[in-house]
Amino acid sequence: MFYKSTRNSNENVTASKAIVQGISNDGGLYVPSEFPQITFADLKMLSGKSYVEKAVFVLQKFLDDFTVEEIQSCAQKAYAKGKFSSPEIAPLHKIDEHTFALELWHGPTCAFKDMALQILPHLLTTSAKKQGDNKDILILVATSGDTGKAALEGFKDVAGTKVLVFYPQDGVSALQKAQMVTQEGDNEYVCAIAGNFDDAQTGVKNIFADETMKAQLNAANTKFSSANSINWGRLVPQIVYYIASYCKLIADKEIELGEEINVVVPTGNFGNILAAYYSKKMGLPIHKFICASNANKVLTDFIQTGTYNRNRDFYLTSSPSMDILISSNLERLLYLLSDCDDTLINEWFTSLKETGEYTINDTVKQKLQSDFYGGYCDDQQTKKMIGELFQNHQYVCDTHTAVAFHVYKEYVEKSNDHTKTIIASTASPYKFPNSVLEGLGEPLGDNEFDNSKILEKLTKLPIPNGLKNLDNKKIRFTESVPISDMKKIVLEMIK
Ligand SMILES: *Cc1c(COP(=O)(O)O)cnc(C)c1O
């Protein structure tokens, strides 16, 4: 198999090339030329295996220019004992007879980004070696909170890599900031900028495109790369946990082998839910994909109408990792649903860039609606859901996960579909202690650190190690610069 671009089906690169390059030169995203199949017998066999073994099984099917030993080494380093707070890596929590929360936040930074960013550095360095490239890799990240920390933790002390994170000085929570500025690792640097997230993102994009910067990097035997979810190396590890959770349902005798399940995902950039869809393309029996959005409901509208329109107000919500109006990975889904029609994809995404909208044709729309249901949930409903889940099921969840639970509840009421369902739980409740406490109807303390302690007392769920004592950890990074100084910071990094 090989990888082609969503904007040029004739492009033909290996998995390692796709991972090193990140995005195709034509602006398209890399997609596999075919979907390797997984049989019911495979699923049965895998249900007795460890997470690492399952990961190796799935990854070797896609990364076919890696040796099995290389993949094993990557998976073992990523999901080694002690890195995740659950030996199952991504445990399932049974809510009721039909519903299971797939907890993707047991990694070091307590958000689901760890599932992929723990293994990406190893996939990336292995790929670079295969490409005969001995340059150091400098990962530039602009973050609104979760991705920056997960990238720092994943690349910490990984030989041949450096990470530089820019965050908006007033745009992240106290807890997220504490997580980043106390980061350990000799190959990393964190810098605030005097601007918002968009400024950080634009600054990074400009640096990527700057030819003199590239030349200076080249002279220092270094090249840029990125760690966001358009990279195939971040998407492919996410397929693993959907297959693993299906196997777990079999092992626990919750479903029969071959029985269909539904999957609900709180969605932003469409990476996580696309990975679930890819698992269905491999043969995993999934009936419906329920795409949950917050007040930024561009995807809900798209699934319902077939028109994607980003010309709308942007809201800051209590589920900030889903505050997004351009869901990049949707392009990969539409490429598949249009039977790999790169002309159509070019048309639609050029229109998105130029006018902020596009409308898909009826054939693609019908396919979209037969697999996907879209719904949304505002901040008030999010808090109410957090309270309800705790009251009725003694389960405490974060704001993003609550959005998913709310949309699922609505879906069941509308459809009366009682298929067993997995709901992706994407962050620890301790990442957003203020909103969670409000949801539980509790008065707030003075700051997020105090609120975490109040939440722990109330729920008896222990504060994860990654978020413990952050207020006492040594602060390593205090620099804050004007946007115009971002390049200077990059150059200091490669000295
Ligand atoms: C990134 C993130 C999401 C959105 O995931 P996508 O793959 O971008 O759709 C949802 N919840 C949390 C907590 C996240 O960090």
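Whatever order the structure lists them in is the order used to number ligands and atoms, beginning at 1. This one's a predicted model, so the numbers in the text were calculated from it and none came from an experiment.
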Would you check whether [X] has a nitrogen or oxygen atom less than 3.5 angstrom from a nitrogen or oxygen atom of ligand 1?
X: F270; result: yes
X: D398; result: no
X: H400; result: no
X: K113; result: yes
X: M322; result: no

Can you tell if the side chain of M180 reaches within under 4.5 Å of the side chain of T143, non-hydrogen atoms only?
->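 M180 vs T143: side chains touch.
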Would you call the rings of [X] and [Y] parallel, tilted or perpendicular, taking 30° and 60° as the class edges?
X: W232; Y: Y278; answer: tilted
X: F84; Y: Y79; answer: tilted
X: Y189; Y: F477; answer: perpendicular
X: F62; Y: F35; answer: perpendicular

Between T359 and T307: side-chain donor-acceptor atoms closer than 3.5 Å | yes
Scan side-chain atoms only and decide if E331 and T6 contain a donor-acceptor pair under the 3.5 Å cut-off.
->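 On atom types as modelled, these side chains qualify, holding a pair under 3.5 Å.
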Hey, is D146 touching ligand 1 through its side chain, its backbone, both or neither, going by heavy atoms under 4.0 Å?
->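 Just the side chain.
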Of all the heavy atoms in P266, does at least one lie under 4.0 Å from an atom in ligand 1?
->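 So P266 counts as touching ligand 1.
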Which of the ligand 1 atoms, numbered from 1, are nearer than 4.0 Å to a heavy atom of F112 |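 Selected atoms, number and element: 1 (C), 2 (C), 3 (C), 5 (O), 7 (O), 14 (C).
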Under 4.0 Å from any heavy atom of G271, which atoms of ligand 1 are there?
->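 Every atom of ligand 1 under 4.0 Å from some heavy atom of G271: 6 (P), 7 (O), 9 (O).
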Nearest heavy atom to atom 6 (P) of ligand 1 wins, so pick from T267, L274, N269.
-> N269
In terms of residue, atom name and distance, what is the protein heavy atom nearest to atom 12 (C) of ligand 1?
-> T426 OG1, 3.4 Å
Closest to atom 4 (C) of ligand 1 among protein heavy atoms sits G268 N, 3.6 Å
With sequence neighbours left out, what residues match S86 under side chain to side chain contact (heavy atoms under 4.5 Å, CB included)?
->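 For S86, the residues satisfying side chain to side chain contact (heavy atoms under 4.5 Å, CB included) (neighbours in sequence not counted) are E88, P91, H106.
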